[in-house]
Peer 1: 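Please find one structure pasted underneath; my questions will follow.
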Amino acid sequence: MPARENPTVAMIESAYRDHGLDWRYINCEVHPDDLAHAVLGARAMGWAGFNCSLPHKVAVIKHLDGLGESAKVIGAVNCAVRRDGAYIGENTDGKGFLQSLLTKIDPRGKSAVIFGAGGAARACAVEMALAGLSSILVVNRSPVRGQVLVDLINSATSTKAQYVSWVGDYVIPDSIDIVVNATSIGLYPDVKARVAVEVTSLHPSLVVADIIPNPPRTMFVKEAAMRGCHVIDGLGMLVNQGVISIKYWTGVDVDPAVMRKTVEEIFGV
Ligand code: NDP
């Protein structure tokens with residue numbers, strides 16, 4: 001059976017085709033021991049930049065020439081961009097999340113709950129904080145990891161962050177405007193896994209975002225939609241991080257709808 005098309009490659013190249021951009025996006029698997037050589041290779045070949053995924057998002061930093069503002073705070077890079085011959089590390093995961101969030105709500109002055117405190121949660125929380133979020137409750141299974149994220153937000157941004165231990169079904173406080181699932185709960189193949197939240201506390205004025213791209217309609221997305229919330233699925237972040245990466249590399253604003261259609265077809269939406 002042929003391997004399934006890589007969703008990110010297909011998504012980025014659909015935008016290139018749609019805009020008549022004579023560019024290529026190539027998927028390369030790099031062993032951690034070869035990361036330095038891979039970045040040297042990209043430089044030697046004159047690449048405009050590259051994305052990198054786990055496990056390279058932190059390790060790549062020492063091979064780059066500088067960091068963008070939010071990547072510096074987040075401490076992780078998923079996109080390198082060549083600027084005046086130097087490779088600068090950016091974090092388009094967080095920026096992509098923020099872009100999709102802005103389609104429903106401006107986080108400025110608002111309050112959020114974020115489930116999770118891993119790399120993706122860090123990127124989403126920092127971008128919301130830099131965009132003027134007033135306060136954030138970090139709800140995470142591991143208190144140590146949760147507190148690390150809280151300390152980062154409190155020290156590096158003007159958003160007030162607090163750790164909340166995750167016991168049983170979490171009840172969303174009435175003061176909250178935005179709820180984000182930034183854990184890996186619900187990712188294929190664990191599609192039946194549910195985020196432990198008290199469903200009746202999801203009220204229609206909430207904006208609820210899930211960052212799981214596959215499947216886009218997670219249990220959490222379905223529950224929030226059933227409760228009448230304003231829902232953003234994980235394809236929003238995936239597509240918009242691609243849109244921002246392409247803008248960085250080519251200078252062109254591509255159409256997110258074309259990219260979304262491509263990944264929807266791949267994920268069978
Ligand atoms: P990490 O491994 O760094 O963090 C995973 C987080 O999920 C941790 O906070 C972990 O809690 C929590 N978690 C996992 N399983 C459970 C569970 N059963 N119950 C409670 N908490 C749990 O992963 P990342 O942050 O890098 O990625 C998280 C997800 O984000 C991935 O599924 C990935 O697909 C998605 N993602 C989506 C993107 C998009 O474009 N849509 C971009 C990047 C990531 P603990 O600390 O207690 O272990």
Side-chain angles (χ1 to χ4, degrees), residues 8 11-12 15 21 23 25 28 30 35-36 38-43 45-103 106-108 112 114 116-133 136 148-159 161 180 182 209 211 213 234 236-254 256 259:
T8 305
M11 178 182 83
I12 302 273
L21 291 166
W23 289 59
Y25 186 88
C28 307
V30 175
L35 187 58
V39 178
L40 279 174
R43 289 181 196 273
M45 289 183 280
W47 289 7
F50 53 86
N51 280 137
C52 58
S53 54
L54 290 174
H56 302 311
K57 289 184 180 184
V58 176
V60 76
I61 292 174
K62 63 176 178 287
H63 305 297
L64 302 175
D65 305 307
L67 294 177
E69 186 199 356
S70 64
K72 209 176 281 176
V73 178
I74 295 163
V77 161
N78 76 317
C79 179
V81 189
R82 195 182 55 194
R83 294 186 183 127
D84 299 326
Y87 273 146
I88 305 300
E90 296 282 359
N91 194 303
T92 60
D93 281 337
K95 289 182 194 299
F97 171 77
L98 181 63
Q99 189 91 351
S100 66
L101 185 68
L102 285 167
T103 63
D106 184 341
R108 191 176 305 268
I114 191 161
R122 203 175 168 95
C124 296
V126 166
E127 285 295 347
M128 287 194 290
L130 294 177
L133 190 74
I136 187 163
V148 168
L149 178 54
V150 163
D151 292 346
L152 172 74
I153 293 167
N154 283 332
S155 61
T157 78
S158 50
T159 303
V180 183
I211 70 162
M237 178 172 175
L238 180 67
V239 167
N240 282 297
Q241 63 79 23
V243 168
I244 296 164
S245 296
I246 294 172
K247 173 75 175 181
Y248 279 150
W249 299 325
T250 71
V252 176
D253 287 305
V254 293
M259 297 164 72

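Numbers here are sequence positions counted from 1.
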Peer 1: As an exercise, state the distance from SG of C124 to CD1 of I114, rounded to the nearest 0.5 Å.
Peer 2: 5.0 Å

Peer 1: Are the side chains of N240 and M259 in touch, meaning some heavy atoms are under 4.5 Å apart?
Peer 2: no

Peer 1: Identify the heavy atoms of A36 and H63 that sit nearest to each other, and give their distance.
Peer 2: CB-CE1, 3.4 Å

Peer 1: Under 6.0 Å from the ring centre and within 45 degrees of the ring axis: does the NZ or CZ of R83 meet both conditions for the six-membered ring of Y248?
Peer 2: yes

Peer 1: Locate the shortest heavy-atom distance separating G116 from L149; write the atom from each residue and the value.
Peer 2: O-CD2, 4.1 Å

Peer 1: Could you walk me through whether V252 and W23 satisfy the side-chain contact (heavy atoms from CB on, under 4.5 Å) test, starting with their C-alpha distance in whole Å, then the side-chain angles of each, then the deciding distance to 0.1 Å, before giving a yes or no?
Peer 2: CA-CA 12 Å; V252 176; W23 289 59; over 6 Å; no

Peer 1: Ring-plane angle category for Y25 and W249, please: parallel below 30°, perpendicular beyond 60°, tilted otherwise.
Peer 2: tilted

Peer 1: Under the criterion salt bridge (Lys or Arg N to Asp or Glu O under 4.0 Å), I'd like the reasoning laid out for D65 against R82: C-alpha separation, chi angles, the key distance, then a yes or no.
Peer 2: CA-CA 9 Å; D65 305 307; R82 195 182 55 194; over 6 Å; no

Peer 1: What heavy-atom pair brings V180 and I211 nearest, and what distance separates the two atoms?
Peer 2: CG1-CG2, 4.3 Å

Peer 1: Starting from the C-alpha separation in whole Å, work towards a yes-or-no answer on side-chain contact (heavy atoms from CB on, under 4.5 Å) for M128 and F97.
Peer 2: CA-CA 9 Å; M128 287 194 290; F97 171 77; 3.8 Å; yes

Peer 1: What is the distance from atom CG of L133 to atom CD1 of I153, rounded to the nearest 0.5 Å?
Peer 2: 8.5 Å

Peer 1: Atom CD of E90 and atom CG of N51: how far apart are they, to the nearest 0.5 Å?
Peer 2: 11.5 Å

Peer 1: Is S245 close to V81 at the side-chain level, that is, under 4.5 Å between some pair of heavy atoms?
Peer 2: no

Peer 1: Out of I12, V239, V243, which residue meets the side chain to side chain contact (heavy atoms under 4.5 Å, CB included) rule with V254?
Peer 2: V243

Peer 1: Counting only pairs under 3.5 Å, give me each side-chain donor-acceptor contact of residues 70-80, with atom names and distances, residues two or more places apart or in other chains.
Peer 2:
unit_1: S70; atom_1: OG; unit_2: K95; atom_2: NZ; d: 3.4
unit_1: S70; atom_1: OG; unit_2: E127; atom_2: OE2; d: 2.6
unit_1: N78; atom_1: OD1; unit_2: T92; atom_2: N; d: 2.6
unit_1: N78; atom_1: OD1; unit_2: T92; atom_2: OG1; d: 3.2
unit_1: N78; atom_1: ND2; unit_2: T92; atom_2: OG1; d: 3.0
unit_1: N78; atom_1: ND2; unit_2: D93; atom_2: OD1; d: 3.1

Peer 1: If you look at every heavy atom in I88 and G68, which pair is closest and at what distance?
Peer 2: CG2-N, 3.8 Å

Peer 1: If every non-hydrogen atom of K57 is compared with every non-hydrogen atom of I61, which pair is closest and at what distance?
Peer 2: O-CG1, 4.1 Å

Peer 1: Under the 3.5 angstrom rule, does the side chain of S155 hit a backbone N or O of L152 as a donor-acceptor pair?
Peer 2: yes

Peer 1: Of the non-hydrogen atoms in V30 and H56, which two are nearest, and what is the gap between them?
Peer 2: O-NE2, 2.8 Å

Peer 1: Under a 3.5 Å distance rule, please check whether T157 uses its side chain to pair with a backbone N or O of A129 as donor and acceptor.
Peer 2: no

Peer 1: If you round to the nearest 0.5 Å, how far is CG of N91 from CZ of R122?
Peer 2: 10.0 Å

